[in-house]
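Worksheet: the structure to be examined is printed underneath.
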Protein chains: 2
Amino acid sequence: MRSLRYDSDMSRTPLHPTREQIELPMVLDCLSDPIRLAIVYQLAQQEHISSELCCGDFSGLGGKSNLAYHFAKLRECGLMQTRVAGTNRFVRLRREDLDARFPGLLDAVINSAAKDADRLQLLSGCDVVDAQSN
Amino acid sequence: MRSLRYDSDMSRTPLHPTREQIELPMVLDCLSDPIRLAIVYQLAQQEHISSELCCGDFSGLGGKSNLAYHFAKLRECGLMQTRVAGTNRFVRLRREDLDARFPGLLDAVINSAAKDADRLQLLSGCDVVDAQSN
DNA sequence: CCTTATGTTCAACGTTTATTGAACTATTGA
DNA sequence: TCAATAGTTCAATAAACGTTGAACATAAGG
């Protein structure tokens, strides 16, 4: 009898809410955690280079199991899409769904985070800062 | 000797963070609670009529002590300003500070909430809904 | 086949959170 | 002066949260 602890192949085909199932309070709560905000921010910074990043690329933000916890939250609230490829998981922002559901919200959060990048201890991306007085 | 339980006249001159002290994660966390989101939403709806509402105007959203708890959170994170007048407390959104600090964020949240007003059980304001397909 | 790398799951923990009712303060109006 | 009103504070509770390390699953490379 195989172990029941691991339910089917959840980790190979992770659950994602549909666009309509994405809820505003859950999204806001997800973004309110500094680590998760940093993950979203980092994804947003490379969006124009590559929409995806590997989970391991975020190792600067915490330990493996802690990051797995935060990735799960981001996935379950609809902020991120996870794709399994070999032993890697690639994550990306669900920008289309979020923009459709909550127009302007994601950009407002990311721009606000960019203004406070130092205070929030976000790894500063390439050239994100627009010369705008605080 | 007077009771030490009540520290000076905190409840008469409540503490508010300065504009610069307003932090993004705290604001997002504050807005992620359904009751607080409903409070902010209701304030935003009447903004063009009156910028202020009395605490008692929100009694539909919960009990007195629970609301006092949520008002304190909204005040401490910088979302709301509280003004004491007699036995009443009047609250208003700190829109200028929020828009200066996090441009577009408050409107994006309020518009997103408006789209889901029914799902979020927000008391529908007067004529807030713009005919925009979900 | 065995080892390594990547990431998840689980159990445990201490902390924070939202909610309640009772006690309390302060002001208004009779 | 007394009662009523508006709202805060406190203590207690249960639930949710973030963090940790150990165990596990899966796939890739030698």
Side-chain angles (χ1 to χ4, degrees), chain A residues 1-16 23 25-26 28-39 52-77 80-91 121, chain B residues 1-16 23 25-26 28-39 52-77 80-91 121:
Chain A
M1 181 201 281
R2 65 187 292 277
S3 164
L4 290 177
R5 287 170 125 188
Y6 285 79
D7 172 15
S8 72
D9 53 354
M10 251 278 281
S11 56
R12 290 174 49 75
T13 58
L15 292 174
H16 296 82
E23 304 252 22
M26 284 188 177
L28 295 174
D29 185 52
C30 232
L31 292 169
S32 75
D33 180 273
I35 292 186
R36 291 192 292 260
L37 183 58
I39 292 170
E52 284 185 325
L53 279 180
C54 172
C55 287
D57 296 334
F58 301 90
S59 59
L61 297 173
K64 285 199 317 180
S65 73
N66 191 18
L67 286 180
Y69 165 75
H70 288 300
F71 284 134
K73 287 228 129 191
L74 286 162
R75 184 169 21 83
E76 286 160 12
C77 87
M80 275 182 15
Q81 179 84 229
T82 302
R83 179 174 68 88
V84 180
T87 104
N88 293 306
R89 264 86 175 160
F90 289 96
V91 294
Q121 296 180 287
Chain B
M1 183 201 279
R2 62 189 295 277
S3 163
L4 290 177
R5 287 169 128 188
Y6 286 79
D7 171 15
S8 73
D9 52 353
M10 252 277 281
S11 57
R12 290 175 49 76
T13 57
L15 291 174
H16 295 83
E23 304 251 23
M26 283 188 177
L28 295 175
D29 185 54
C30 230
L31 291 169
S32 75
D33 179 274
I35 291 186
R36 291 192 293 261
L37 183 58
I39 292 171
E52 284 185 325
L53 280 180
C54 172
C55 286
D57 295 335
F58 301 89
S59 59
L61 297 172
K64 284 200 319 181
S65 72
N66 192 19
L67 286 181
Y69 165 75
H70 287 300
F71 284 133
K73 287 229 126 189
L74 286 162
R75 182 168 22 82
E76 286 159 13
C77 88
M80 275 182 16
Q81 178 84 231
T82 303
R83 179 175 67 86
V84 180
T87 101
N88 294 307
R89 265 86 176 159
F90 290 95
V91 293
Q121 296 180 286

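Chain letters run A, B, ... following the sequence lines, proteins first and then strands; every chain starts at 1.
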Any [X] side-chain heavy atom under 4.5 Å of [Y] side chain:
X       : Y       : answer
A:Phe90 : A:Leu53 : no
B:Tyr69 : B:Lys73 : yes
B:Asp33 : A:Asp29 : no
A:Ser32 : A:Leu37 : no

[X] has an atom [atom1]; how far is it from atom [atom2] of [N], in whole Å?
X       : N      : atom1 : atom2 : value
A:Met80 : C:dT8  : CE    : C1'   : 14 Å
A:Lys64 : D:dA25 : NZ    : P     : 15 Å
B:Arg89 : D:dT5  : CZ    : P     : 17 Å

Nucleic acid footprint by protein, nucleotides 12-18 of chain C - heavy-atom cut-off 4.0 Å, B for base, S for sugar-phosphate alone: -----SB
Do [X] side-chain atoms and [Y] backbone N/O form a donor-acceptor pair below 3.5 Å?
X       : Y       : result
A:Arg36 : A:Cys30 : yes
A:Asn66 : A:Gly63 : no
B:His16 : B:Glu76 : no
B:His70 : B:Ala68 : no

Phosphate-side-chain proximity, A:Asn88 and C:dG7, N/O vs OP1/OP2 below 4.0 Å: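 True: A:Asn88 side-chain N/O within range (under 4.0 Å) of C:dG7 OP1/OP2.
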Heavy-atom donor-acceptor pair, B:Thr87 side-chain to D:dG7 base, under 3.5 Å: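 Flag unset: no donor-acceptor pair detected.
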Whichever of B:Phe90 and A:Leu67 has its nearest DNA chain D nucleotide further upstream toward 5':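 Its nearest nucleotide lies further toward 5', so the answer is B:Phe90.
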Nucleic acid contacts of residues 54-63 of chain A, taken as heavy-atom distances under 4.0 Å to DNA chain C: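 Correct list: A:Cys54, A:Cys55, A:Gly56.
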